[in-house]
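Here the structure is a predicted model, which means the values were calculated and not measured. Chain identifiers are assigned alphabetically (A, B, ...) following the order of the sequence lines, protein sequences preceding nucleic acid strands; residue numbering begins at 1 within each chain. Any value given below was found using the heavy atoms of this structure, including those in side chains, with hydrogens, waters and symmetry copies removed.
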Amino acid sequence: MPKCKKSEGQAIDYASKLLSTAEAASFEQHLKNCSECKEAVESFTTLLNLTDMAEQEVALPDAALRDIEMNVYKRLAATQQDESLFSRVRGYFANIESLFRWHKTAAASTIVIAMITAAVLVGELFQPEVGLQLTESQSADARMEEYLQQDIQRHLDDAMITHHLRNDAWETESHLHRVQEQAQGTNWMKVPQTLSVSNTIKTAATGY
Amino acid sequence: MDKLIDDEMLVAQFQAGRQNAFDELMKRYKSKIFSYLLRSVRNYEDAEDITIEVFFKAYRALEHWQPKAKFSTWLYKIAANLVIDYHRAKARHPVYALEDMEIPEANLVATDQYSNPVKELEEKERGRIIREAVDQLSPKQKAVFILNRYEGLQLKEVAETLGMAEGTVKIHLHRAMKRLQTMLHSLWENNEI
Ligand SMILES: [Zn+2]
């Protein structure tokens, strides 16, 4: 039998379905009269069936797959380099409801663990307020107001995190809803432009 | 979220400050990236760690991402580079563990109570032999083979992912197939399967 001039590569491409429709049709015509190429195509097709079967046996672990998002955010929070990260982590928790919908089976504990991690990291993110720069023109009143607002917001945030942690039995979506509503009520989701500080506090602050 | 929103649109939304968009991208790609990594490193824990690393890197780089290529190709590129790093580190600090044993195959075989346990064992063994053969390929051959065959990437996308010319991808793919054929043809020619 004379050696076929077609390359083995064409048999591979044909078996791998990498040829265009026109190329495949033309090669099929060739196959009708070339036992050498026909044999090669059969061999590579068998090979691919075998490797497909073997590789499909590789199963993804559900638990690990389920926790990917959470672990990515933990990893991000751990770097502490992203200044706006806290708000993003917060945003993620705001969306946690949809997470529940995807994975009904996601145990409440997983979320609580993530919450604890987030809380710890958040605590770290909160501590140094190095970015704070006040201009000379700002009055002492305004300054105090600013400090107060920051402090109040910080306490609100802390309170919310603690609240989440204490309620470690997030078993139902309705519970989750309630916590979210409470969070919104305390402006946990949004950093407010202005914060109504009671007159008493104001007076106390300015008289300081 | 609307499935019709394409990845690149989600990236734009993320860049505009919409956090959910990144969650959606992770949801879309975590299985794909994980399975690619699992086939590349054949170890669950490492595959999981690298998957997290891929999205971590993506998150941090996405702010400045320009839509020169598909988002998915870019993501695979991050993963492929991490696989290279992983194998490099492994070569420096080889771990002689029976990692292949970690791949559970039990749930793949027929659950029919009348099925032949000897046959099941043979099938498991066959799967293991085949995966070992795939692992014997050169890193480039294996990467090309897996990305094209199991991740469904077009040759052009494989080329972008691995930073090669498309022609080079094809050469690696042909070599991979010929090598696998040499290693495995006895399996079917001697009617062992
Ligand atoms: Zn021929």
Side-chain angles (χ1 to χ4, degrees), chain A residues 7-13 15-18 39-40 42-79 81-82 84-85 87-99 102-103, chain B residues 1 17-20 22-23 26-27 30-31 33-35 38-39 42 44-45 47-49 51-56 58-60 103-105 107-109 123-124 126-134 145-146 148-150 154-155 170-171 173-174 176-178 180-181 184-185 187-189 193:
Chain A
S7 73
E8 210 175 11
Q10 210 152 5
I12 292 173
D13 290 347
S16 311
K17 299 189 168 53
L18 291 173
E39 214 173 278
E42 277 165 13
S43 175
F44 287 119
T45 304
T46 309
L47 173 68
L48 286 173
N49 287 338
L50 285 173
T51 53
D52 286 357
M53 214 152 47
E55 291 297 345
Q56 270 147 27
E57 285 174 5
V58 177
L60 292 182
D62 284 346
L65 205 55
R66 193 183 52 217
D67 294 340
I68 292 292
E69 286 96 337
M70 204 65 92
N71 285 321
V72 169
Y73 282 108
K74 278 195 216 169
R75 175 87 174 78
L76 281 164
T79 62
Q81 283 165 24
D82 190 341
S84 61
L85 188 65
S87 64
R88 286 174 180 177
V89 171
R90 226 166 20 174
Y92 183 68
F93 289 135
N95 292 320
I96 222 158
E97 183 200 0
S98 53
L99 185 83
W102 302 339
H103 312 294
Chain B
M1 198 173 287
R18 193 157 165 262
Q19 177 66 30
N20 305 27
F22 190 74
D23 297 343
M26 283 200 280
K27 194 175 144 206
K30 62 177 180 176
S31 300
I33 294 295
F34 203 140
S35 68
L38 192 50
R39 289 186 176 115
R42 304 283 191 208
Y44 277 115
E45 246 176 68
E48 187 186 354
D49 288 349
T51 304
I52 293 162
E53 193 66 15
V54 168
F55 287 110
F56 168 77
Y59 185 101
R60 291 166 69 89
I103 311 255
E105 292 151 287
N107 48 349
L108 316 161
V109 212
E123 279 174 7
K124 277 198 214 174
R126 188 185 61 191
R128 194 185 58 79
I129 291 170
I130 293 165
R131 283 192 296 275
E132 270 179 11
V134 172
F145 183 66
I146 286 177
N148 173 247
R149 189 75 195 168
Y150 303 108
Q154 309 277 308
L155 293 187
K170 212 158 196 186
I171 291 169
L173 189 65
H174 288 173
M177 292 278 283
K178 284 182 200 171
L180 285 172
Q181 191 196 38
L184 296 171
H185 72 100
L187 281 183
W188 68 90
E189 277 170 13
I193 47 172

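Not a single salt bridge (charged side-chain N to carboxylate O under 4.0 Å, His left out) links E48(B) to another residue, sequence neighbours left out. Residues meeting the salt bridge (charged side-chain N to carboxylate O under 4.0 Å, His left out) test with D13(A), sequence neighbours left out: K170(B).
Interatomic distance, F44(A) CZ to Q181(B) CD, rounded to the nearest 0.5 Å: 4.0 Å. For the atom pair CZ (F22(B)) and CG (L76(A)), the distance works out to 7.0 Å, reported to the nearest 0.5 Å. Rounding to the nearest 0.5 Å gives a distance of 4.5 Å between CH2 of W188(B) and CG of L47(A). Between T51(B) atom OG1 and D67(A) atom CG the span is 12.5 Å, to the nearest 0.5 Å. Taking CZ from R126(B) and CD from E57(A), the interatomic distance works out to 7.5 Å, rounded to the nearest 0.5 Å.
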**Report entry** Test log, rule side-chain contact (heavy atoms from CB on, under 4.5 Å), inputs M53(A) and I130(B)
**Finding:** CA-CA 9 Å; M53(A) 214 152 47; I130(B) 293 165; 5.9 Å; no
Requested in this report: Evaluate the side-chain contact (heavy atoms from CB on, under 4.5 Å) criterion for residues L18(A) and N148(B): first the C-alpha distance (whole Å), next the side-chain angles of each, then the deciding distance (0.1 Å), finally the verdict.
Outcome: CA-CA 10 Å; L18(A) 291 173; N148(B) 173 247; 3.8 Å; yes
**Report entry** Trace of the salt bridge (charged side-chain N to carboxylate O under 4.0 Å, His left out) decision for K30(B) with E69(A)
**Finding:** CA-CA 9 Å; K30(B) 62 177 180 176; E69(A) 286 96 337; 3.0 Å; yes
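The part of E53(B) that comes within reach of chain A is its side chain, from C-beta onward, which places non-hydrogen atoms under 4.5 angstrom from that chain. At a 4.5 Å heavy-atom cutoff, the contact between F34(B) and chain A is made by backbone and side-chain atoms alike. With a 4.5 angstrom heavy-atom cutoff, S16(A) touches chain B via backbone and side-chain atoms both. Contacts of L184(B) with chain A are made by side-chain atoms alone, with heavy-atom separations under 4.5 Å and no backbone atom involved. Neither the backbone nor the side chain of I129(B) comes within contact range of chain A, judged by heavy atoms closer than 4.5 Å.
Across every non-hydrogen atom of Y73(A) and M26(B), the tightest pair is CE1-CE, 3.6 Å. Across every non-hydrogen atom of V72(A) and F56(B), the tightest pair is CG1-N, 4.1 Å. Scanning all heavy atoms of the two residues, the minimum distance from G127(B) to A54(A) falls at O-CB, 3.7 Å. Across L65(A) and S31(B), no two heavy atoms sit closer than the pair CD2-OG, 3.5 Å.
Residues E8(A) and K178(B) are paired through a salt bridge, judged by an N-O separation under 4.0 Å between the basic side chain and the carboxylate.
Around CD of E42(A), the count of heavy atoms belonging to other residues, nucleotides or ligands within 6.0 Å exceeds 12.
Checked options R131(B), R149(B), R42(B); the residue passing with E55(A) is R42(B) (criterion: salt bridge (Lys or Arg N to Asp or Glu O under 4.0 Å)).
Within the 4.5 Å cutoff, the side chain of L60(A) has no heavy atoms near those of the Y44(B) side chain. Residues T51(A) and Y150(B) have side chains in contact (heavy-atom distance under 4.5 Å, counting atoms from C-beta outward).
Between the side chain of R75(A) and the main chain of I52(B), no donor-acceptor pair closer than 3.5 Å is present.
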